[in-house]
**Q** 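Here it is, the structure in full.
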There are 2 protein chains.
Amino acid sequence: MTKASDRAYQHIRGAILDGSLVPGAQLREEQLAAACGVSRTPVRDALRRLEGEHYVRRNESQRTFVAEWSLDEIEEGFVLRSMLEGYAAARAALRISDSAIEQLCTHNRAIDAAAQADPPDVSAFLDHNRAFHAIVLEGASSERLADLLAGIVEQPVVTRTARQYDRGQIQQSRAEHDELIVAFRRRDPDWARAVMTSHIRRAFHAYHDAFHQRPGKR
Amino acid sequence: MTKASDRAYQHIRGAILDGSLVPGAQLREEQLAAACGVSRTPVRDALRRLEGEHYVRRNESQRTFVAEWSLDEIEEGFVLRSMLEGYAAARAALRISDSAIEQLCTHNRAIDAAAQADPPDVSAFLDHNRAFHAIVLEGASSERLADLLAGIVEQPVVTRTARQYDRGQIQQSRAEHDELIVAFRRRDPDWARAVMTSHIRRAFHAYHDAFHQRPGKR
DNA sequence: CGATGGTTATTTGTATACAATAATGTCCTG
DNA sequence: CAGGACATTATTGTATACAAATAACCATCG
């Protein structure tokens, strides 16, 4: 997108991700336009894009709201993500370049460092974790698959989960990444798929524990 | 969407599906606006929507073209569709209502009739086949899944394939649908998934035969 | 007191004018 | 004649005014 419409997109998306726009809140084009310093036209573009990426929803009379997620919908997201990202890992096992595998190692070393920092550097973990998964997806070299996953992965609620990861959970992620790297080195698509599926599945349970079992604890 | 923007969407989408807008053709907003009898604003909305559904693509300088599909991309579409629609069938096996199963039977009887007509009524087959798959997806009761599949299923090239189905292929489809119905009656998600995966996979080979092996024959 | 109808206010949809950017063509120069 | 700078044209992006649709409000009636 170009300048103004991109600015609106970043602004609104950022506000949703950092929680200043809460789920269920109504988004008025004129108000957003004022907040972003642009006119309604690029705001409308941004809202359509955010709707496609499931950050916002529109009701039957075309009014726009920050998306609210039920537990069922969130779990369904994790199931779909594990299926698609597992498939991505399988494809990547057969296609990823050695240099890309090296990059995976680099990011995973950074994740290890983030885990060992005191206190653990969760923000660094999030960044390198994101980069790690992006490289895997890139290695799958399927635009269509990347497109499907783009609409699933970035849920504010999921990001908030990972933000609460403790040292042990970060180390566990790192270990799973390491196993994936070995599967890649062996060019074993079935193994890669299984590791990735399990990795995502574990993330779901981390989310579930954090927000539905014993919220706030541990 | 509302009136004008919906009209533009239908018009452009229809022109792509019936081939009057060929893959690779550039779409100019002003020209489309004139053709649809609306202004550029709703045309822009329609193009964004069609971009999300992969009917059109935009190049790096924001110009829009009718999407072109490589063989690899088409096969990838079939793979993803078999995976997701297989999962939909598995979910549906555990959730679909008896009355929905009855509807599936009705549509499949209509497909049988279409196969036995002389000449086979391919158009009726396409309609009832579409309805059949829609009911399965409905039975899966996952909005998110429905959303992902929406962006994959309706490829002009795929529709063109099915339009060339002969009597035997229609009968084969009907038989696979019947087996799926039995799997639903037994509430067996694994069976349902396997049948659906196989069903889609066969469709891919029908496409491949029709357009890449011996075009026009059989 | 609740429901219903109509009036007002709010919000989104559309058209249009103008600005910005990319593509195209032309003319000069080596 | 090739290549490149510049002017011209084509195309998309943005702002704004107005129209249409929807929701909110209030009064009136049962």
**Q** Rounding to an integer number of Å, can you tell me how far R58(B) CZ sits from dA23(C) P?
**A**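 Nearest whole value for this atom pair: 13 Å.
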
**Q** Does H133(B) have any ring-ring contact (aromatic ring centres under 6.0 Å, His included) partners at least two apart in sequence or in another chain, and if so, which?
**A**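 Scan of H133(B) (ring-ring contact (aromatic ring centres under 6.0 Å, His included), adjacent residues dropped) gives H177(B), H199(B).
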
**Q** Which nucleotide in the list dA23(C), dT12(D), dA23(D) gets nearest to the side chain of S61(B)?
**A**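 The closest nucleotide is dA23(C).
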
**Q** For residues 11-23 of chain A, which residue pairs qualify under salt bridge (Lys or Arg N to Asp or Glu O under 4.0 Å), counting only residues two or more places apart or in two chains?
**A**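 Qualifying pairs: none.
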
**Q** With a 4.0 Å limit, can you tell me whether R48(A) has a side-chain N or O closer than that to the phosphate oxygens OP1/OP2 of dG13(C)?
**A**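 Affirmative; the distance criterion is met.
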
**Q** What is the minimum heavy-atom distance between H107(A) and A131(A), and which atoms define it?
**A**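 That would be CE1-CB, 3.4 Å.
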
**Q** Before accepting this row, confirm whether a basic side-chain N of the pair R91(A)/E76(B) lies closer than 4.0 Å to the acidic partner's carboxylate O.
**A**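 Yes.
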
**Q** What pair of heavy atoms forms the shortest contact from R202(B) to S173(B), and how long is it?
**A**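 Taking R202(B) first and S173(B) second, the nearest heavy atoms are NH2-OG, 3.1 Å.
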
**Q** Any idea how F125(B) and Y165(B) line up, ring-wise: parallel (<30°), tilted (30 to 60°), or perpendicular (>60°)?
**A**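 Parallel: the ring planes of F125(B) and Y165(B) meet at under 30°.
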
**Q** Quick check: on DNA chain C, is the nucleotide nearest R63(B) upstream (toward 5') of the one nearest Q26(A), or the reverse? Name the residue that is more 5'.
**A**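 Checking each residue's closest nucleotide, the 5'-ward one belongs to Q26(A).
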
**Q** Could I get a table of every N or O pair under 3.5 Å where one atom is in the protein and the other is in nucleotides 4-8 of chain D?
**A**
none

**Q** For the pair made of CD in E29(B) and C1' in dA10(D), what is the distance, rounded to whole Å?
**A**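 The answer, rounded to whole Å, is 12 Å.
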
**Q** Does E51(B) form a salt bridge (charged side-chain N to carboxylate O under 4.0 Å, His left out) with R63(B)? I'd like the steps, not just the answer.
**A** CA-CA 12 Å; E51(B) 188 191 358; R63(B) 277 150 175 78; over 6 Å; no

**Q** Atom OH of Y9(B) to atom C1' of dG13(C): distance rounded to whole Å?
**A**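 Taking atom C1' of dG13(C) as the reference, OH of Y9(B) is at 19 Å.
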
**Q** Taking any heavy-atom pair under 4.0 Å as a contact, classify L27(A): base, sugar-phosphate, or nothing.
**A**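 Sugar-phosphate contact only.
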
**Q** Suppose the criterion is salt bridge (Lys or Arg N to Asp or Glu O under 4.0 Å): which pairs have a residue in residues 29-43 of chain B, not counting sequence neighbours?
**A**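 Checked against salt bridge (Lys or Arg N to Asp or Glu O under 4.0 Å) - neighbours excluded - the pairs reaching residues 29-43 of chain B are E29(B)-R40(B), E29(B)-R44(B).
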
**Q** Could you go over nucleotides 14-18 of chain D and give all protein N or O partners under 3.5 Å, atom names and distances?
**A**
{"unit_1": "dT14(D)", "atom_1": "OP1", "unit_2": "T2(A)", "atom_2": "OG1", "d": "3.0"}
{"unit_1": "dT14(D)", "atom_1": "OP1", "unit_2": "A4(A)", "atom_2": "N", "d": "2.9"}
{"unit_1": "dT14(D)", "atom_1": "OP1", "unit_2": "S5(A)", "atom_2": "N", "d": "3.2"}
{"unit_1": "dA15(D)", "atom_1": "OP2", "unit_2": "S39(A)", "atom_2": "N", "d": "2.6"}
{"unit_1": "dA15(D)", "atom_1": "OP2", "unit_2": "S39(A)", "atom_2": "OG", "d": "2.8"}
{"unit_1": "dA15(D)", "atom_1": "N7", "unit_2": "T41(A)", "atom_2": "OG1", "d": "2.8"}

**Q** CD of E60(A) versus P of dT11(C): gap in Å, rounded?
**A**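 Rounded to whole Å, this separation is 16 Å.
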
**Q** Among residues at least two apart in sequence or on other chains, which ones pass salt bridge (charged side-chain N to carboxylate O under 4.0 Å, His left out) with R81(A)?
**A**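 Residues passing salt bridge (charged side-chain N to carboxylate O under 4.0 Å, His left out) with R81(A): E85(A).
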
**Q** Can a side chain N or O of R28(A) be found less than 4.0 Å away from OP1 or OP2 on dT11(C)?
**A**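 For R28(A), the contact criterion (side-chain N or O under 4.0 Å from OP1 or OP2 of dT11(C)) is met.
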
**Q** Are Q62(A) and dT22(D) close enough that a side-chain N or O sits under 4.0 Å from OP1 or OP2?
**A**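 Answer no for this pair, as no side-chain N or O of Q62(A) is under 4.0 Å from OP1 or OP2.
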
**Q** Roughly, in whole Å, what's the span from CZ in R49(B) to P in dG13(C)?
**A**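 Taking CZ of R49(B) and P of dG13(C), I get 12 Å after rounding.
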
